[in-house]
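Mind having a look at this structure? Questions to follow.
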Amino acid sequence: MELKKNVVAAIASALGLYIQSEQEAAALLAMQQKALAQRPYQPYIAYSVAGRQAAMEARWMWQMRLVR
């Protein structure tokens, strides 16, 4: 079987571009994970959640006209 130089060059070029895109995607993913790790942490505060839930329940009671 005879190898054509232009076909071999096209295959080599395609493989090179594929490998380069995979490396760029891995680098981008690493940067995104690093940015997420540096984000400030929002602590879970049970009192604020309970307060919002109570406010929503009170509004629901008024909307359903259950408050008399």
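Not measured: the values here are computed from a predicted model.
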**OP:** Please round to the nearest 0.5 Å and tell me the distance separating atom CD of E57 and atom CE of M61.
**Re:** 8.5 Å
**OP:** Among Q32, M31, Q38, find the one that has a side chain to side chain contact (heavy atoms under 4.5 Å, CB included) with K34.
**Re:** Q38
Original post:
Heavy-atom distance under 4.5 Å between the side chains of I19 and E22, does that happen here?
Top reply: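 No, side chains not in contact.
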Subject >> Single-linkage hydrophobic cluster V7~L15, side-chain heavy atoms < 4.5 angstrom >> reply: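 V7 clusters together with L15.
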